[in-house]
Amino acid sequence: MDIIVCIKQVLDHDIPPRDFKVDEEKRAVVPPANVPPIISNFDEYAIEEAITLKEANGGKITLLTVGDESSRDSLKKCLAMGCDEAILLNDSAFEGSDSFGIARILAGAIKKIGSFDIILCGRLSSDWSFGTTALALAEALDLPSVSQLQKLEANGDTLRCERVLEDGEEIVEVSMPCLLTASNEINTPRLPSVKGILMASRKQIPVWGAGDIGVDTSQVGAGAATLELTKLYKPDYSTLCEFIEADSLEEAAEKLATRLREDKII
Amino acid sequence: MSNDVLILAERVDDRIALVSSELCGIGKKLANEKGGSLVALLLGGPGTNDLAKGLISLGADKVLSAEADILTGYNNSAYVKVVDSAVNEVDPAIFLVGCTSVGRDIAPRIAFRHGASYANDCIELSLEDGMLCAVRPVYAGNAISHVRSKGTSINMASIRLKAFPLTDVEEGRAGEQVQIDVSIEAGELKMNFIESRQVESEGVRLEDAEYVVSGGRGLGGPEPFQQLAELGKLLKAAVGASRAAVDAGWVPTHMQVGQTGKIVSPMLYIAVGISGAMQHMVGAGPSKNIVAINTDAEAPIFQRARYGIVGDYKKVIPALTKKFKDLLEN
Ligand SMILES: Cc1cc2nc3c(=O)[nH]c(=O)nc-3n(C[C@H](O)[C@H](O)[C@H](O)COP(=O)(O)OP(=O)(O)OC[C@H]3O[C@@H](n4cnc5c(N)ncnc54)[C@H](O)[C@@H]3O)c2cc1C
Ligand SMILES: Nc1ncnc2c1ncn2[C@@H]1O[C@H](COP(=O)(O)O)[C@@H](O)[C@H]1O
């Protein structure tokens, strides 16, 4: 079973809000110093699922990312988790691409790779949360897609997929090749092993540009983006918290209840 | 291209889903500004044609309904095919969907196919020189972005649940209904819907609740959620959770509040052992009042709370339950 996993490298989502900085003039997020970027959260679940499938069915896992040279770090980490090959899609013509542009770039690379059974992505990126790239990629390649998976089972040529819904779940069967997106319920991502890290450090990560994958450069990059970012700023959510204090926590709890009553909240 | 606004309505069981009302409200406003009509589309199995009529009283000038057995369960391939034919027929200036497991699964494919612009999970929408402008939180709400469609064919957006008001129901409103043909051959699709399971919530549903008591990793295990349920019962509250509690397997996934869980807007949200990560606050933030109970005075939840107690929930929750009992039962 040959699997392609598309990952995105992002700013660590765990940085405290006070360290989160925006350059309003440039309409850009300013990454704090000394905070290394990470793999977008749901993509780790996509990787884990790919490795589980490979362990059960054999095959090969190829990683793709559209990003700059620094994305090699995240690709290495995924290789160390147990993926086989990684390709970095980087070209100045790709800069400023929106989700549709990224989908075209990924589609170009996947056509060059040729055959595969499954493309796995995350359900949503943890930085810009477009929730668009994966399904646009399925559309670009004319593949069936099942999103936000909480469970996956392979039965011969078909896959039985469980999607997480707001109030339950839904089961669909899809034939391969297809595109799937992972939700966090699906598995628990593993940490890279020491052996994995060693193996990964020896692997070459080729770079493919627009020419290598035959992408029409007028269809990607900032010029092709369908939305213009007009403003970016940090909101102020903070409220003034009234800390309820007393000699004991039990008393504080009683005071809180009384306070909520007085303020007609309960 | 017409000046019409198309919305993708949804049904749950034998009702029109609330998101349809939110979509009609904002859709109507944009259609009026554009000088076009509001067209609502509803897909589903038996009963859909009848249900769809109800969208007229929510403000739709025209309703397109697609009723077919194959649409009974949600199937991306089948739904995209029907939505695409509706989009071709209406040729709308704007197409809105809900940021739901259906809307966000369909919209990117339609947008890509039509070369449309698409803004996901929007909390405000407006027009500027005829172009759709959207406000969407990014980085889990750490930043707010404003985007404007660059004048591509259709301007598309998905709306965040609860960010837009429900529209008023106007009984007896006139409107046209068109049933659209669904011609999907069996075997033509590369996927099959098998079944869906609906979780029956005991008591109040989280998204409708006036009171919510939520637990996080700080509870240390599944058992303390019983205590939260007990406290919750007194307030007729729903019990929620953080993703950390869900990931640990302590509570089921449909209890999750947050960016990829539920958005709640109760009168009171009691967060117990929850740090208040931005992704959680996407869901809890709309609450009118937040109470935080946490051992760490520096936890970010206190920056979003109106009242706070710094301390161990094991001491606070039983005393709070007792006092609520006194106050509420007398
Ligand atoms: C893309 C993405 C999407 C996400 N979506 C969601 C989402 O939808 N919903 C969500 O909730 N999270 C979501 N998360 C995860 C989120 O970032 C946090 O990791 C999560 O919310 C943390 O849960 P928590 O507050 O329960 O755990 P922690 O952050 O570990 O906090 C536990 C808290 O409990 C306190 N505590 C410990 N012991 C006690 C005690 N005895 N009494 C009282 N307090 C105590 C601690 O001081 C601490 O503040 C998402 C993350 C990503 C990257
Ligand atoms: N630059 C990228 N390179 C490779 N894959 C990406 C990229 N951006 C997004 N993806 C994939 O698309 C998913 C959804 O991203 P998004 O549309 O940004 O929410 C991610 O989880 C990745 O699997």
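We name chains A, B, ... by the order of the sequence lines, and we start the count at 1 in each one. Remember, it's a predicted structure, so these values are computed and weren't measured experimentally.
- Per-residue heavy-atom pair counts under 4.5 Å with chain B were compared for A:Ala225, A:Ser248, A:Ala252, A:Pro16, and the maximum is reached by A:Ala225.
- Under a 3.5 Å cut-off, the side chain of B:Thr295 and the backbone N or O of B:Asp312 do not form any donor-acceptor pair.
- Considering only heavy-atom pairs separated by less than 4.5 Å from chain A, the leading option among B:Asn120, B:Ile144, B:Val138 is B:Ile144.
- The main-chain N or O of A:Arg190 is found under 3.5 Å from a side-chain atom of A:Glu48 such that the two form a donor-acceptor pair.
- The part of A:Asp263 that comes within reach of chain B is its side chain, from C-beta onward, which places non-hydrogen atoms under 4.5 angstrom from that chain.
- Without hydrogens or angle criteria, B:Asn142 side chain to B:Tyr139 main chain gives a donor-acceptor distance under 3.5 Å.
- Annotation: maximal heavy-atom pairing with chain B below 4.5 Å, among A:Glu245, A:Lys234, A:Arg123, A:Arg259, occurs at A:Arg123.
- Contact of A:Val10 with chain B is not made at all, since no heavy-atom distance falls under 4.5 Å.
- Remark: aromatic rings of B:Tyr307 and A:Phe243 are distant, center separation not under 6.0 Å.
- Against chain B, the residues from residues 124-131 of chain A that qualify, each with a non-hydrogen atom under 4.5 angstrom away, are A:Leu124, A:Ser126, A:Asp127, A:Trp128, A:Ser129, A:Phe130, A:Gly131 in number order.
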Would you sort out whether A:Ile266 and B:Tyr211 count as a side-chain contact (heavy atoms from CB on, under 4.5 Å), showing the intermediate values? CA-CA 9 Å; A:Ile266 60 166; B:Tyr211 294 93; 3.9 Å; yes

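- Within the 3.5 Å criterion, the main-chain N or O of A:Lys8 finds a donor-acceptor partner in the side chain of A:Asp43.
- Ranking A:Asp98, A:Val146, A:Thr133, A:Asn41 against chain B, the residue ahead of the rest is A:Asn41, based on heavy-atom pairs under 4.5 Å.
- Put simply, of A:Leu249, A:Ile171, A:Leu260, the one with the most heavy-atom pairs under 4.5 Å next to chain B is A:Ile171.
- In this structure, chain A has heavy atoms under 4.5 Å from both the backbone and the side chain of B:Asn192.
- If you measure heavy-atom distances from A:Leu227 to chain B, the contacts under 4.5 Å come from both the backbone and the side chain.
- In this structure, the portion of B:Leu235 lying under 4.5 Å from any heavy atom of chain A is its side chain and not its backbone.
- At a 4.5 Å heavy-atom cutoff, the contact between B:Lys190 and chain A is made by backbone and side-chain atoms alike.
- In this structure, the portions of A:Glu250 lying under 4.5 Å from any heavy atom of chain B include both its backbone and its side chain.
- The aromatic rings of B:Tyr74 and B:Tyr79 stand perpendicular to each other, their planes meeting at an angle above 60°, with 30° marking the opposite boundary.
- Not a single donor-acceptor pair under 3.5 Å links the side chain of A:Asp12 to the backbone N or O of A:Pro36.
- None of A:Ile118, A:Val174, A:Leu137 except one satisfies the side-chain contact (heavy atoms from CB on, under 4.5 Å) rule with A:Leu179; the exception is A:Leu137.
- Proximity to chain B involves both the backbone and the side chain of A:Thr258, based on heavy atoms less than 4.5 angstrom apart.
- Only the side chain of B:Gln279 comes within contact range of chain A, with at least one heavy atom under 4.5 Å from a heavy atom of that chain.
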Please walk me through it: do A:Ile4 and A:Ile110 pass side-chain contact (heavy atoms from CB on, under 4.5 Å)? CA-CA 8 Å; A:Ile4 293 172; A:Ile110 291 168; 4.0 Å; yes

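- Contacts between residues 158-170 of chain A and chain B, counted as heavy-atom pairs separated by less than 4.5 Å, involve A:Arg160, A:Glu162, A:Arg163, A:Val164, A:Leu165, A:Glu166, A:Asp167, A:Gly168, A:Glu169, A:Glu170.
- The closest side-chain heavy-atom distance from B:Cys99 to B:Leu161 is not below 4.5 Å.
- Heavy atoms of A:Ala246 lying under 4.5 Å from chain B are absent altogether.
- For the set A:Ser238, A:Ser147, A:Ser145, the count of heavy-atom pairs under 4.5 angstrom toward chain B peaks at A:Ser145.
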